[in-house]
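The chains referred to below are lettered A, B, ... by the order of the sequence lines, with proteins before strands, and numbering in each begins at 1.
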Amino acid sequence: MSDINETHTPEAAESKDFIRLMVEDDLRTGRFDGRVHTRFPPEPNGYLHIGHAKAMAIDFGVAEDYGGQCNLRFDDTNPVKEETEYVDGIVYDVQWLGHDFGDKIFYASDYFEQMYLWAEELIQKGVAYVDDLSADEIREYRGTLTAPGKNSPHRDRSIEENLDLFRRMRAGEFPDGAKVLRAKIDMASPNMNLRDPVMYRILHSEHHRTGDAWCIYPMYDWAHGLEDSIEGITHSLCSLEYEDHRPLYDWYLDQLGIYHPQQIEFARLNLTYTVMSKRKLLQLVNEGHVHGWDDPRMPTICGMRRRGYTPEAIADFLDRIGIAKAISTVDLALLEHCVRSDLNARAARRMAVLRPLKVIIDNYPEGQEEWLEIENHPQDEAMGTRQIPFSREVYIEQEDFMEDPPRKFYRLGPGREVRLKSAYLVTCGEVEKDADGNVTAIHVTYDPETRGGEAPDGRKVRGTLHWVSAPHAIDAEVRQYDTLFTQENPEDVAEGEHFLDYVNPDSLEVLTGCKVEPALAEAEVGARFQFMRQAYFAVDPDSSAGQPVFNLTVSMRDSWAKIQKRQ
RNA sequence: UGGGGCGUGGCCAAGUUGGUAAGGCAACGGACUUUGAAUCCGUGUACCGCACGUUCGAGUCGUGCCGCCCCAGCCA
C-alpha cells in the first residue's frame with residue numbers, strides 16, 4: 001500500500017475526552033492500583049434508548065480502552081417501578097450493541113443485606129436516625145433553595161431507639177410511609193441533597209428478585225456508592241444531574257470508611273425531533289402514539305433495531321458526538337448519516353417499486369421472459385450478482401414518469417429514452433389514462449441491442465430507472481417513517497402546550513401493493529437492503545411467508561428532491 | 001436574592017505548560033456516474049457569551065457582568 005518514498009506524517013494524536021484524561025491521570029498516579037473498572041447501572045423500569053447507548057459507549061468504552069472491566073448492574077432499588085420484562089429487554093439490548101459484560105450480571109438487590117448492615121453502622125455512629133415525619137412534613141422541614149431547613153423533632157433520638165426502630169421497620173411493623181431512615185448531615189446545607197437525605201423508605205411491595213424478603217428499600221444516593229464500592233468500581237460515570245449528588249456519594253463512603261470510587265459526570269445525549277426521557281417514552285407507548293417500545297419511530301434500542309439501524313452505525317454515531325459537559329442537542333442528521341454510511345457499505349441492493357406504474361413494452365414478444373444478471377453491490381464485487389426476471393410488462397415508480405417534465409428531469413417522459421437498470425433502453429410511447437385523466441399505463445418500445453443497458457452505438461442515456469417485472473413481482477407492504485415529532489425540540493413547549501401536541505401525525509405511512517423483485521420474497525426478518533434509488537429498508541417481524549413487510553430505515557440523499565424544492 | 005455546572009461557525013466538538021482557531025455533520029458549488037446513491041474535488045470574515053484588565057501576545061490567566069441547565073421525590 002505505502003510507497004517507498006511516501007512521507008509518513010504522524011497522525012495527530014486523537015484528542016481524548018475529559019473522562020479519559022482523568023482516568024489516565026489516576027493510572028499515572030496509581031490511584032486505583034492501575035485498575036479501571038466501570039459499570040453501566042440501568043434501572044429496569046423501561047427499555048433502553050439511544051441516550052443509554054451513549055452512557056454504555058462511555059462506560060464500556062473507557063473500561064475497554066484501559067484493559068478494564070465494565071459491570072452490567074441493575075439498579076433495582078424501587079420495586080414499585082421495576083419488572084423482569086425490562087431486565088430481559090435490557091440484557092438483550094446491551095448484548096446486541098456488542099458490549100461485553102463478562103459472564104455475570106450484577107444486581108443492587110444482591111447487596112440489600114450488606115447495605116442494611118452498613119445502615120445500622122451509621123446509626124451506631126450517630127449519623128443516621130429514624131424519622132416519623134410524613135413525606136409532606138419532610139418536604140416542609142427541608143426548606144427551600146434559598147431558605148435553610150430545620151431539624152426534625154426526631155433528629156436526636158438515642159442510638160438505641162434508632163436501632164430498635166430501624167430493626168422494626170425491617171421487620172415490617174410499620175406501614176408504608178410511616179417512618180424513614182435519614183442521614184444526619186446538615187439541614188442548612190446549600191446543597192439540598194445534604195439536608196438529611198432519606199436512606200430507606202418502607203415499601204411493602206413485591207420485588208422482582210427478592211420477592212417479599214424486604215419491606216424497606218434503599219434510596220438511590222445511599223445505595224449507589226455502596227454498590228460501586230462492593231464491586232470495586234474505580235470510576236462511576238454518570239450524567240450531569242448527579243453532580244450535586246457527588247458530595248453525598250462521597251459522604252456515605254467516607255462515613256463508612258469503605259473503598260471509595262470516583263464519580264465523574266458527563267452531559268447526556270439529546271437528539272433533535274425526539275424525546276429522551278423514559279417517562280415520556282412510556283407515555284407515548286401507553287397512550288398509543290406509537291405501537292410499542294420497539295416501534296421503529298422510537299429512539300429506543302429495540303425500536304432502532306427493528307427499524308434497521310445497525311449496532312455499528314450507532315457506535316459510529318456515539319463515537320462522533322464526543323463526550324463533554326456542555327448540554328447539547330445533536331442533529332438527527334448525524335445519526336442518519338452514520339446509518340447510511342454503514343448500510344451503504346453492507347446492504348445488498350434490490351429493486352422494489354413503492355408506487356407502481358405499469359409499463360408495457362410493445363415490441364417485446366408476448367409471453368417471453370429472460371433472466372438478467374445484476375450486481376448486488378456496485379462497489380463490492382464480493383457480494384456477487386443475482387438473476388432478475390424481465391418480461392413484456394414491468395412496473396416503474398409513478399414519480400419516474402412525467403407527461404410534462406421540467407428540463408432537468410432525467411426520467412421517463414413523452415418521447416424520451418431511459419435505461420431500465422441492468423435491462424434495456426426503452427423509449428416512451430403512448431400513455432394510457434383513465435376517465436379522470438390519471439395515467440394508468442405507459443407504452444414503450446425497447447432496443448433489443450441494449451441488453452444489460454449499454455447501447456452498442458455509444459449513445460448516452462441520462463436516466464436510469466429501477467423496475468420490477470410485473471408477472472414476477474411480489475406484493476409487499478412498506479412502512480415509511482418520518483420523525484415522531486414536528487418540532488426540533490418537542491420539550492420546548494409554549495405556555496399551556498404539551499410535548500404530545502407536537503407528535504407528527506404523518507410519522508407513519510403504510511404503503512401496500514408495493515412490487516418487489518422475487519428475491520425479496522424469502523428475506524429473513526431483520527435483513528437489510530437498499531432499494532435502489534430509494535432508501536434502505538429492513539424486514540419487519542410482521543412479515544409472513546411470501547408477504548414481506550419492510551421498514552424504512554433511512555432514506556438516501558436525494559439531490560433531485562433538493563432541485564425540485566428550489567423550483 | 002442559595003448551591004452546583006455550562007457558554008468555540010447552523011449542529012456536535014478539538015484546542016496539553018498563553019503565541020495567533022482541528023475535525024465531523026449540515027449547507028452550497030463542481031467532477032464522475034447503468035442507483036439524481038456512493039465516490040472525488042472545492043467553498044466558512046467563528047468579534048472563541050460580554051466587558052475590562054495582566055502580557056510583546058489570551059479561546060487559553062484575573063476581575064466583573066450576562067445567558068442557559070440542574071437541585072426543594074419516602075424516583076433513579
* Dot-bracket line, read 5' to 3' along RNA chain B, where crossing pairs take [ ] and | marks a partner on another strand, Watson-Crick or G-U under 3.5 Å -> .((((((..(((......[...))).(((((.......))))).....(((((..]....))))))))))).....
* **All salt bridge (Lys or Arg N to Asp or Glu O under 4.0 Å) counterparts of A:Glu375, not counting sequence neighbours** =>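 Once residues adjacent in sequence are excluded, the partners of A:Glu375 under the salt bridge (Lys or Arg N to Asp or Glu O under 4.0 Å) criterion are A:Lys421.
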* With sequence neighbours excluded, what pairs up with A:Asp186 under the salt bridge (Lys or Arg N to Asp or Glu O under 4.0 Å) test? -> none
* Asked: Among residues 178-196 of chain A, which contact RNA chain B at a heavy-atom distance under 4.0 Å?
  -> A:Val180, A:Pro190, A:Met192
* Asked: Which of residues 131-139 of chain A sit near RNA chain B, with a heavy atom under 4.0 Å from it?
  -> A:Leu133, A:Ser134, A:Ala135, A:Ile138, A:Arg139
* To do: Quick one: do A:Leu72 and A:Val91 satisfy side-chain contact (heavy atoms from CB on, under 4.5 Å)? Show the steps, please.
  => CA-CA 8 Å; A:Leu72 168 58; A:Val91 169; 4.2 Å; yes
Using a heavy-atom cut-off of under 4.0 Å over every strand shown, decide if [X] touches base, sugar-phosphate, or nothing.
X: A:Ile321; answer: sugar-phosphate
X: A:Tyr242; answer: base
X: A:Glu454; answer: base
X: A:Pro41; answer: nothing
X: A:Lys421; answer: base
X: A:Gln530; answer: base
X: A:Glu243; answer: sugar-phosphate
X: A:Ser422; answer: base
X: A:Thr329; answer: sugar-phosphate
X: A:Tyr141; answer: nothing
X: A:Thr146; answer: base
X: A:His224; answer: nothing
X: A:Gly149; answer: nothing

* Using 4.0 Å as the upper bound for N to carboxylate O, is an ion pair formed by A:Glu312 and A:Arg346? ->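 Result for this pair is yes, salt bridge flagged.
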* Pairing of A:Asp110 and A:Arg209 as salt bridge, 4.0 angstrom limit -> yes
Compare the minimum distances between each of [options] and the side chain of [X], then state the nucleotide with the smallest one.
X: A:Pro378; options: B:C74, B:C69, B:A37; value: B:A37
X: A:Leu240; options: B:G5, B:C12, B:C75; value: B:G5
X: A:Asp244; options: B:A72, B:C70, B:C69; value: B:C70
X: A:Asn78; options: B:A13, B:G5, B:C75; value: B:C75
X: A:Glu43; options: B:U35, B:G2, B:C75; value: B:C75

* If you draw the axis of the six-membered ring of A:Tyr116, does the NZ or CZ of A:Arg170 fall within 45° of it and under 6.0 Å from the ring centre? -> yes
* Using the ring of A:Phe499 (Phe, Tyr or Trp, six-membered ring only), decide whether A:Lys280 places NZ or CZ under 6.0 Å from its centre and within 45 degrees of its axis. => yes
By side-chain contact (heavy atoms from CB on, under 4.5 Å), which residues pair with [X], not counting sequence neighbours?
X: A:Ala53; value: A:Ile50, A:Leu97, A:Ile301, A:Ile314, A:Leu318
X: A:Asp482; value: A:Asn504
X: A:Asn71; value: A:His37, A:Arg39, A:Phe106, A:Glu231, A:Ile233

If only atom types and distance count, is the side chain of [X] paired as donor or acceptor with the main-chain N or O of [Y] below 3.5 Å?
X: A:Thr29; Y: A:Asp25; result: yes
X: A:Arg349; Y: A:Ala347; result: yes
X: A:Ser236; Y: A:Pro261; result: no
X: A:Glu43; Y: A:Asp76; result: no
X: A:Arg350; Y: A:Leu520; result: no

Give every donor-acceptor pair under 3.5 Å between a side-chain atom in residues 448-456 of chain A and any protein atom, sequence neighbours left out.
residue, atom, partner, partner atom, Å
A:Thr450, OG1, A:Leu425, N, 3.0
A:Thr450, OG1, A:Asp447, O, 2.6
A:Arg451, NE, A:Glu370, OE1, 2.6
A:Arg451, NH2, A:Glu370, OE1, 2.9
A:Arg451, NH2, A:Trp371, O, 3.4

In whole Å, what is the span from the [atom1] atom of [X] to the [atom2] atom of [N]?
X: A:His245; N: B:G73; atom1: NE2; atom2: C1'; answer: 10 Å
X: A:Glu491; N: B:C70; atom1: CD; atom2: P; answer: 10 Å
X: A:Lys325; N: B:G5; atom1: NZ; atom2: P; answer: 7 Å
X: A:Arg533; N: B:A38; atom1: CZ; atom2: C1'; answer: 15 Å
X: A:Arg411; N: B:U35; atom1: CZ; atom2: P; answer: 13 Å
X: A:Glu336; N: B:G24; atom1: CD; atom2: C1'; answer: 16 Å
X: A:Leu203; N: B:C74; atom1: CG; atom2: P; answer: 12 Å
X: A:Glu381; N: B:U34; atom1: CD; atom2: C1'; answer: 15 Å

Can you check nucleotides 14-16 of chain B for protein contacts, nitrogen or oxygen pairs under 3.5 Å, and list what you find?
residue, atom, partner, partner atom, Å
B:A14, OP1, A:Ile323, O, 3.3
B:A14, O2', A:Ser15, OG, 3.3

* Kindly indicate whether the side chain of A:Asp558, heavy atoms from C-beta on, has any atom under 4.5 Å from the side chain of A:Trp560. => yes
* To do: Quick one, give me the B/S/- string for nucleotides 25-33 of chain B, reading 5' to 3', where B means a protein heavy atom under 4.0 Å from the base and S means that only happens at the primed atoms, P, OP1 or OP2.
  => SSSSS---B
* **Contact nearer the 5' end of RNA chain B, comparing A:Met556 with A:Leu420** => A:Leu420
* C1' atoms of B:U45 and B:C12, separation to the nearest Å -> 22 Å
* **salt bridge (Lys or Arg N to Asp or Glu O under 4.0 Å) pairs, two or more places apart, involving residues 138-155 of chain A** =>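 Passing the test, one end in residues 138-155 of chain A: A:Asp136-A:Arg139, A:Arg155-A:Asp196.
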* Asked: Can you check whether A:Arg142 has a side-chain N or O nearer than 4.0 Å to OP1 or OP2 of B:G73?
  -> yes
* Asked: Between A:Tyr249 and A:Tyr242, does the ring centroid distance fall short of 6.0 Å?
  -> no
* Using the glycosidic torsion, which applies to B:G30: syn (within 90° of 0) or anti (everything else)? ->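 B:G30: anti.
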